[in-house]
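What follows is a single structure, written as structure tokens, with notes after it.
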There are 2 protein chains.
Amino acid sequence: MEDVAERAGVSRALVSLVMRDSPKVSEKSREAVLKAAGQIGYRPNLMARSLASQRTMTIGLVLNDLHNPFFAELADGVHNAAVDAGYRVVINSGFGTAEGESGAAATFLEYRVDGLIMAGPVLSDSQIENIGDETRLVLIAREIPMRTADMVTNDDAVGAQLAIDHLVSLGHTEIAHVDGGVGAGAAGRRAGYVQAMKAHGLDRSVRIVPGDFTESSGAAAIDRLIGHDSPPSAIFVANDLSATGALHRLEQLGLSLPEDISLVGYDNTALAALGHIALTTVNQPRELMGGLAVKMLTDRIESGGEAGTHEVIAPTLVVRSTTGPAR
Amino acid sequence: MEDVAERAGVSRALVSLVMRDSPKVSEKSREAVLKAAGQIGYRPNLMARSLASQRTMTIGLVLNDLHNPFFAELADGVHNAAVDAGYRVVINSGFGTAEGESGAAATFLEYRVDGLIMAGPVLSDSQIENIGDETRLVLIAREIPMRTADMVTNDDAVGAQLAIDHLVSLGHTEIAHVDGGVGAGAAGRRAGYVQAMKAHGLDRSVRIVPGDFTESSGAAAIDRLIGHDSPPSAIFVANDLSATGALHRLEQLGLSLPEDISLVGYDNTALAALGHIALTTVNQPRELMGGLAVKMLTDRIESGGEAGTHEVIAPTLVVRSTTGPAR
DNA sequence: TTGAAAGCGGTACCAG
DNA sequence: CTGGTACCGCTTTCAA
């Protein structure tokens with residue numbers, strides 16, 4: 001910067017003003033500075049700038065796991081909204097583990113990011129609370145009882161209800177649910193399933209088999225469900241990957257969808273959209289959720305408000321080829 | 001840090017030494033400092049540290065696109081190797097566009113990362129060269145003629161050869177290739193296909209149809225290939241996603257794999273491993289490639305060596321259920 | 001408008 | 001081993 005100033009024949013302070021697009025610089029000086037900067041390939045040093053201004057203009061994004069397409073799409077929403085608001089976002093993966101996640105968060109904390117967004121964190125409530133004490137924090141797809149963070153989640157109960165309503169409207173009455181265990185949102189989906197079944201007077205048909213968001217657990221669930229007395233005519237699975245595993249096992253068993261059995265997943269990941277899978281599934285508006293998280297964060301950064309807001313987004317149902325009329 | 005020093009009754013310099021695990025600090029002082037730091041929840045400021053030390057100990061990773069599982073797995077390799085070497089890595093997506101990519105790179109340049117890894121960049125050779133002029137750069141899955149960056153790629157020609165050899169050994173002689181257009185590695189795979197066909201004396205059966213790494217282009221390719229005179233008995237597709245599209249279309253046409261036709265993909269993404277797809281495909285050792293990229297980078301950071309190394313990794317073939325004997 | 005000077009939170013060198 | 005001190009590169013008053 002010193003060099004730029006010298007070359008342009010002005011002071012360092014003036015260069016600083018130009019780099020920050022300050023309006024109080026004469027057109028002439030501005031041009032001279034920009035020209036000089038271009039000539040020597042000057043690039044502002046973010047570390048120095050942030051150290052002095054106490055602002056980084058960057059948002060840290062910790063993704064539960066890079067492999068899950070759900071988070072990749074969430075990242076798009078976060079990125080777009082952040083850029084619109086004048087922030088840059090830097091990403092880190094938690095690799096699905098508590099250690100990875102706290103490491104990722106620690107990095108951002110040491111970098112003094114202006115705010116942190118954690119998508120589907122697996123850390124304990126208290127660990128998350130600690131992070132929220134150190135920086136402005138927004139959680140996506142995870143709720144904690146403390147008010148140290150803002151949260152944006154989708155309404156899992158409504159999502160489950162959407163799925164069940166759809167199946168019931170197709171004439172299904174024997175509808176089983178493949179659970180997601182401790183996976184994010186699984187509890188809400190399970191509760192929503194039970195509730196929706198009751199609402200349709202199908203209390204006695206409620207049937208839940210365990211699962212854990214993996215492909216293999218979906219296949220295993222089918223083995224428990226089919227081949228015994230009174231197999232269900234439709235299945236609501238707590239996530240797309242497990243649903244895909246279930247789909248495959250059903251076909252191995254010689255059943256065809258949706259003629260013999262109907263299947264609904266959750267999340268509407270890219271996987272579900274594959275022509276080959278074409279899974280009917282519940283969609284979480286990821287772009288919207290990511291954008292909302294950014295808005296909550298930047299609002300807080302700029303207004304200095306308190307944390308504790310919780311936005312709940314309504315999911316939608318995407319009907320594809322795995323659901324059809326009951327026979 | 002001032003506070004920590006005061007509380008521990010020592011100087012700031014001493015605290016700094018402790019935070020950096022310097023060996024030249026008495027056990028007593030160290031304990032006092034650590035205790036004081038813990039009490040007031042002190043966390044070192046990376047910006048300040050980097051500004052003073054001119055080192056960030058962080059590697060920037062620009063991924064072509066977060067949605068492609070290939071890059072997610074690459075990130076694992078990069079992350080593991082980096083952590084082992086004492087570096088932290090921060091990720092940014094290029095969103096598959098030149099603008100996104102240069103924005104991501106610019107952020108890292110302004111953050112003065114110690115080194116940059118770009119996986120499957122779409123930027124032009126000269127743009128990449130410019131980045132290489134500003135920081136230590138390693139490219140993965142992309143070659144440029146300049147010596148301003150290190151590169152690690154898989155040998156696409158060998159990968160194609162693996163696929164063709166496998167098909168030929170199963171008795172196939174009519175083997176078509178679905179191209180990947182301008183996609184990363186597509187040119188090498190195409191050339192490898194042609195070369196391998198020639199090596200087997202199958203010059204006259206060479207048949208290439210266009211594609212672009214999308215699911216739909218795979219389906220479209222099948223439409224061009226099947227239903228005309230002399231359809232191939234096997235198809236080598238330049239990437240997994242297109243292969244999945246092809247697979248689906250083949251099944252729609254009532255053909256079963258591998259009985260009626262064999263199919264091979266490229267990349268061995270998580271998609272190919274799904275029980276439902278079970279695609280035979282060429283595997284690029286991602287973990288290894290990511291680790292290698294980090295090693296090249298850290299070597300250069302620490303020894304100050306020159307760029308220009310190009311490591312070529314041999315791919316392997318993963319045989320699943322989409323290939324079988326020619327009938 | 002422009003220039004000077006005082007930090008921001010550390011590191012690193014040097015003398016004690 | 002420990003404390004003092006000069007920066008790192010930029011922002012931010014404050015005067016001129």
Side-chain angles (χ1 to χ4, degrees), chain A residues 1-37 40-58 86 88 106-114 134-135 301, chain B residues 1-37 40-58 86 88 106-114 134-135 301:
Chain A
M1 180 177 251
E2 185 73 63
D3 300 343
V4 176
E6 194 173 325
R7 191 174 194 114
V10 299
S11 72
R12 301 189 326 147
L14 207 257
V15 176
S16 174
L17 288 177
V18 173
M19 296 317 291
R20 280 176 286 147
D21 283 325
S22 167
K24 32 185 168 184
V25 178
S26 71
E27 200 47 48
K28 185 157 158 283
S29 305
R30 176 188 304 285
E31 272 177 34
V33 169
L34 256 23
K35 177 154 157 271
I40 64 177
Y42 170 76
R43 191 184 284 283
N45 183 323
L46 229 49
M47 318 291 275
R49 166 178 294 187
S50 304
L51 190 58
S53 66
Q54 301 293 49
R55 296 281 265 98
T56 57
M57 294 311 287
T58 113
R88 68 189 91 219
T107 289
F108 287 140
L109 255 17
E110 293 183 4
Y111 263 112
R112 300 290 192 274
V113 292
D114 287 347
E134 286 200 59
T135 189
I301 292 174
Chain B
M1 178 177 252
E2 187 73 63
D3 300 343
V4 177
E6 193 173 325
R7 191 175 195 115
V10 299
S11 70
R12 298 192 323 150
L14 207 260
V15 175
S16 174
L17 288 177
V18 173
M19 296 318 289
R20 281 176 284 149
D21 282 325
S22 167
K24 33 185 170 182
V25 178
S26 71
E27 199 48 47
K28 185 158 158 284
S29 305
R30 176 188 304 285
E31 272 178 33
V33 170
L34 256 22
K35 177 155 158 271
I40 65 178
Y42 169 76
R43 191 184 285 282
N45 183 323
L46 229 48
M47 319 290 274
R49 166 180 293 185
S50 304
L51 189 58
S53 66
Q54 303 292 48
R55 298 279 267 99
T56 57
M57 294 310 288
T58 113
R88 69 190 92 218
T107 288
F108 287 139
L109 254 18
E110 293 182 3
Y111 262 112
R112 299 291 192 272
V113 292
D114 287 346
E134 285 198 61
T135 189
I301 292 174

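Naming convention: chains lettered A, B, ... in sequence-line order (proteins, then strands); numbering from 1 in each chain. Note that the structure is predicted; figures quoted are calculated from it, not measured.
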Figure out the [atom1]/[atom2] separation between [X] and [N], and round it to whole Å.
X	N	atom1	atom2	answer
B:Arg30	D:dT2	CZ	C1'	14 Å
A:Glu2	D:dT11	CD	C1'	15 Å
A:Asp3	D:dC10	CG	P	10 Å
B:Arg55	C:dA12	CZ	C1'	15 Å
A:Met19	D:dT12	CE	P	14 Å
B:Leu17	C:dC14	CG	P	15 Å
B:Glu6	C:dG9	CD	C1'	16 Å
A:Glu110	C:dG10	CD	C1'	13 Å

Does [N] have OP1 or OP2 under 4.0 Å away from a side-chain N or O of [X]?
X	N	result
A:Ser50	D:dC10	no
B:Ser16	C:dT11	yes
B:Tyr42	C:dG10	yes
A:Ser26	C:dT2	yes
A:Arg20	D:dT12	yes
A:Gln54	D:dC10	no
B:Ser11	D:dG3	yes

Short side-chain to backbone donor-acceptor contact, A:Ser53 and A:Arg49, under 3.5 Å: yes
Side-chain donor/acceptor of B:Ser22 to backbone N/O of B:Val18, under 3.5 Å: no
Should [X] and [Y] count as side-chain neighbours, where that means a heavy-atom distance under 4.5 Å?
X	Y	result
B:Leu51	A:Asn45	yes
A:Thr56	B:Met47	yes
B:Glu134	B:Phe108	no

Interatomic spacing from OG1 in B:Thr135 to CZ in B:Arg112 - rounded to 0.5 Å: 9.5 Å
Base of C:dG10 paired with side chain of B:Arg12 (donor-acceptor, under 3.5 Å): yes
To the side chain of [X], which of [options] is closest?
X	options	answer
B:Leu51	D:dG3, D:dC8, C:dG3	D:dC8
B:Ala52	C:dG9, C:dT2, D:dT11	C:dG9
A:Asn45	D:dC10, C:dT2, C:dG10	D:dC10
A:Leu14	D:dG3, D:dC10, C:dG3	C:dG3

Along DNA chain D (nearest heavy atom to each residue), the more 5'-positioned of B:Ser29 and B:Arg112: B:Ser29
Sugar-phosphate, base or nothing in reach of B:Val15, heavy atoms under 4.0 Å: nothing
